[in-house]
Undergrad: 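What follows is a structure written as structure tokens; I'll ask about it next.
Counting from 1, the numbers follow the sequence of the chain as shown. Being a predicted model, the structure only gives us computed values, none of them experimental.
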Amino acid sequence: MHASQGRSAGLGLALASAFAFGGSGVAAKPLIEAGLDPLHVVWLRVTGAALVMLPVAWRHRDLLRRKPALLVGFGLLAVAGVQAFYFASISRIPVGVALLIEYLAPALVLGWVRFVQRRPVTRAAAVGVVLAAGGLACVVQVWSGLSFDLLGLLLALAAACCQVGYFVLSDQGSDEAGQADPLGVIAYGLLIGALVLTVVARPWGMDWALLGGRADMNGSSVPAWLLLGWIVLIATVLAYVTGVISVRRLSPQVAGVVACLEAVIATVLAWVLLGEHLEAPQIIGGAVVLVGAFIAQSSTPKAPASAPVAGSAAGSGAGGAAGSGGDAGGTGTVAEAGDVGGSELSAGRTAP
């Protein structure tokens, strides 16, 4: 009875996390179109969330001594990289398309495992990769000569590659003693990401007056500070925390399946709130991408436990992501994604 209740609560938290991460791009795009640089929006998001998570970082300050490489890698890839590339991409292409491209990350992880680490992958996982790639071709309409902004597509792909780095990092040290607490890793990842983005984004040159103004959301005027508050508190802090708790209550595979809904939520919200209408082939292609991601993430490895294979490097990765962060993110990702020092960890998917 208690196990069933815990599983139901975990499912509810995973859905809340997917919704929170999925809404980041919808809230960020009006700010970007109002005049804020995408990097400045990312900096505001990450720095605001880092300040909120500062007490958690202090509580787990021993991680600075025990896992410095993990924290730096998480901050650079899962936080700064995923979200910066994702936010830059949505300034040029629709939110739903950017997030769907970012969901190629599980497929790219399988390529890393198979060709770099030279570990076997399951047949189902390979089928998932093929489906995801074919669906992406429909999303970007390759038959029309890449009518989408090519730079925007490359930026979204870069966000996916940053998520790959996060998934690979997440798989390190899973059998070690002295495992890293996922909340502590997230808190320090946000702090390190904020420091890196401060150097890259140079926020002292930002037009701060824009935050006191209003932004247009498909014809509706919305206070800029309200959108920023949503991005920081809901799409980052709440999304990460609910994602971590949900993965602890569910298996990484189940949480990963729920995380796939993030792309659907982002696309629907962009359709309703931003008026970003996708054509029928793109909707079908997006569904195929999600099906491929589902197969790749939920495929069961056939190797013994001593030699884990990618059914599920991507599976545990996206499971912890239950969002490049994603943005990343992610996201959010960031979003976001597996075992960090043996603990399931929510990705910043894109996230956003």
Undergrad: Strictly by side-chain hydrogen bond (donor to acceptor under 3.5 Å, both in side chains), give each pair with a member in residues 125-135 just once, sequence neighbours left out.
TA: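 Listed by first then second residue: nothing to list.
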
Undergrad: Quick one: pull up OG in Ser17 and CG in Leu13 and give me the separation to the nearest 0.5 Å.
TA: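 Going from OG on Ser17 over to CG on Leu13, the span is 8.5 Å.
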
Undergrad: Only counting residues at least two apart or in another chain, list the ones meeting side chain to side chain donor-acceptor pair (under 3.5 Å) with Ser91.
TA: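 Ser91: no side chain to side chain donor-acceptor pair (under 3.5 Å) contacts found.
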
Undergrad: Please round to the nearest 0.5 Å and tell me the distance separating atom CG of Asp37 and atom CD1 of Ile32.
TA: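 Nearest 0.5 Å value for the CG-CD1 distance: 8.0 Å.
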
Undergrad: Extract all donor-acceptor atom pairs below 3.5 Å that involve side chains of residues 195-203 and protein atoms in other chains or at least two apart in sequence.
TA:
residue : atom : partner : partner atom : Å
Thr198  : OG1  : Trp43   : NE1          : 2.8
Thr198  : OG1  : Ala194  : O            : 2.7

Undergrad: Sequence neighbours left out, what passes side chain to side chain contact (heavy atoms under 4.5 Å, CB included) with Leu226? Give chain and number order.
TA: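 Checked Leu226 against side chain to side chain contact (heavy atoms under 4.5 Å, CB included); matches are Val222, Pro223.
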
Undergrad: Considering non-hydrogen atoms only, spot the tightest contact between Tyr86 and Ala159 and give its length.
TA: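 That would be N-CB, 3.9 Å.
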
Undergrad: Output every pair passing salt bridge (charged side-chain N to carboxylate O under 4.0 Å, His left out) with a member in residues 69-81, not counting sequence neighbours, ordered by first then second residue.
TA: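 Qualifying pairs, neighbours excluded: none.
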
Undergrad: What's the verdict on side-chain contact (heavy atoms from CB on, under 4.5 Å) for Ile192 and Leu71, showing C-alpha distance, side-chain angles and the deciding distance?
TA: CA-CA 8 Å; Ile192 293 171; Leu71 300 182; 3.8 Å; yes

Undergrad: If you measure from CD1 on Ile101 to CG on Leu153, what distance do you get to the nearest 0.5 Å?
TA: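 These two atoms lie 4.5 Å from each other.
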
Undergrad: Sequence neighbours left out, what pairs pass side-chain hydrogen bond (donor to acceptor under 3.5 Å, both in side chains) with at least one residue falling in residues 219-236?
TA: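 As it turns out, the side-chain hydrogen bond (donor to acceptor under 3.5 Å, both in side chains) pairs with a partner in residues 219-236, which skip direct neighbours, are Arg45-Thr236, Arg214-Ser221.
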
Undergrad: Taking atom CG of Leu238 and atom OG1 of Thr242, what is their separation to the nearest 0.5 Å?
TA: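 Interatomic distance, Leu238 CG to Thr242 OG1, rounded to 0.5 Å: 4.5 Å.
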
Undergrad: Same cluster or not: Trp58 versus Leu51, using hydrophobic residues (I, L, V, M, F, W, Y) connected whenever any side-chain heavy atoms lie under 4.5 Å apart?
TA: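 Cluster IDs for Trp58 and Leu51 differ.
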
Undergrad: According to salt bridge (charged side-chain N to carboxylate O under 4.0 Å, His left out), does anything in residues 9-34 pair up with another residue at least two apart or in another chain? List the pairs.
TA: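 For residues 9-34: Lys29-Glu276.
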
Undergrad: Mind checking side chain to side chain contact (heavy atoms under 4.5 Å, CB included) for Ile283 and listing every partner two or more places apart, or none if nothing turns up?
TA: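 Side chain to side chain contact (heavy atoms under 4.5 Å, CB included) list for Ile283, sorted by chain: Trp271, Leu278.
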
Undergrad: Donor-acceptor pair, Thr47 side chain versus Leu44 backbone, under 3.5 Å?
TA: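 No: the side chain of Thr47 does not pair with the backbone of Leu44.
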
Undergrad: If you take all heavy atoms of Val79 and Gly193, which pair is closest and at what distance?
TA: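 The pair with the smallest heavy-atom distance is CG1-CA, 4.0 Å.
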
Undergrad: Side chains of Leu151 and Leu155: closer than 4.5 Å at any heavy-atom pair?
TA: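 Touching, per the 4.5 Å side-chain cut-off.
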
Undergrad: When clusters are formed by joining ILVMFWY residues with side-chain heavy atoms under 4.5 Å apart, either directly or through shared neighbours, do Trp204 and Val46 land in the same one?
TA: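 No, Trp204 does not connect to Val46 through the hydrophobic network.
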
Undergrad: What is the minimum heavy-atom distance between Ala156 and Ile93, and which atoms define it?
TA: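 Minimum heavy-atom contact is CB-CD1, 4.2 Å.
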
Undergrad: With side chains defined as the heavy atoms from C-beta onward, is the minimum distance between Leu227 and Pro30 less than 4.5 Å?
TA: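 With C-beta onward as the side chain, the pair touches.
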
Undergrad: Quick check: do Val26 and Leu269 have side-chain heavy atoms less than 4.5 Å from each other?
TA: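 Yes, their side chains come closer than 4.5 Å.
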
Undergrad: Out of curiosity, Phe74 CZ to Ile186 CD1, how far, rounded to the nearest 0.5 Å?
TA: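 If we round to the nearest 0.5 Å, Phe74:CZ and Ile186:CD1 are 5.5 Å apart.
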
Undergrad: Quick one: does Tyr188's side chain have a donor or acceptor within less than 3.5 Å of a partner on Leu63's backbone?
TA: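 Side chain of Tyr188 to backbone of Leu63: no pair is present.
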
Undergrad: State, to 0.1 Å, how close Ala34 and Ala215 come at their nearest heavy-atom pair, and which atoms those are.
TA: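 Minimum heavy-atom contact is CB-CB, 4.2 Å.
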
Undergrad: Tell me whether the count of non-hydrogen atoms from other residues, nucleotides or ligands lying under 6.0 Å of CZ in Arg59 goes above 12.
TA: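 Counting other residues, nucleotides and ligands, CZ of Arg59 stays at 12 neighbours or fewer.
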
Undergrad: State, to 0.1 Å, how close Leu39 and Ala84 come at their nearest heavy-atom pair, and which atoms those are.
TA: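 Taking every non-hydrogen atom into account, CD2-CB, 3.8 Å.
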
Undergrad: What residues form a side chain to side chain contact (heavy atoms under 4.5 Å, CB included) with Val56, not counting sequence neighbours?
TA: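 Partners of Val56 under the side chain to side chain contact (heavy atoms under 4.5 Å, CB included) test: Met53, His60, Leu183, Ala187.
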
Undergrad: To the nearest 0.5 Å, tell me how far Leu31 CG sits from Met217 CE.
TA: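 Leu31 CG to Met217 CE: 8.0 Å, rounded to 0.5 Å.
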
Undergrad: With heavy-atom distances below 4.5 Å as the criterion, would you say the side chains of Leu228 and Val41 are in contact?
TA: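 A side-chain contact under 4.5 Å is absent here.
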
Undergrad: Applying side chain to side chain contact (heavy atoms under 4.5 Å, CB included), can you list everything that pairs with Leu210, at least two apart in sequence or on another chain?
TA: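 By the side chain to side chain contact (heavy atoms under 4.5 Å, CB included) rule, Leu210 matches Leu36, Asp207.
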
Undergrad: Report the residues that fulfil salt bridge (Lys or Arg N to Asp or Glu O under 4.0 Å) with Asp62, sequence neighbours left out, ordered by chain and then residue number.
TA: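 Only Arg66 meet the salt bridge (Lys or Arg N to Asp or Glu O under 4.0 Å) criterion with Asp62.
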
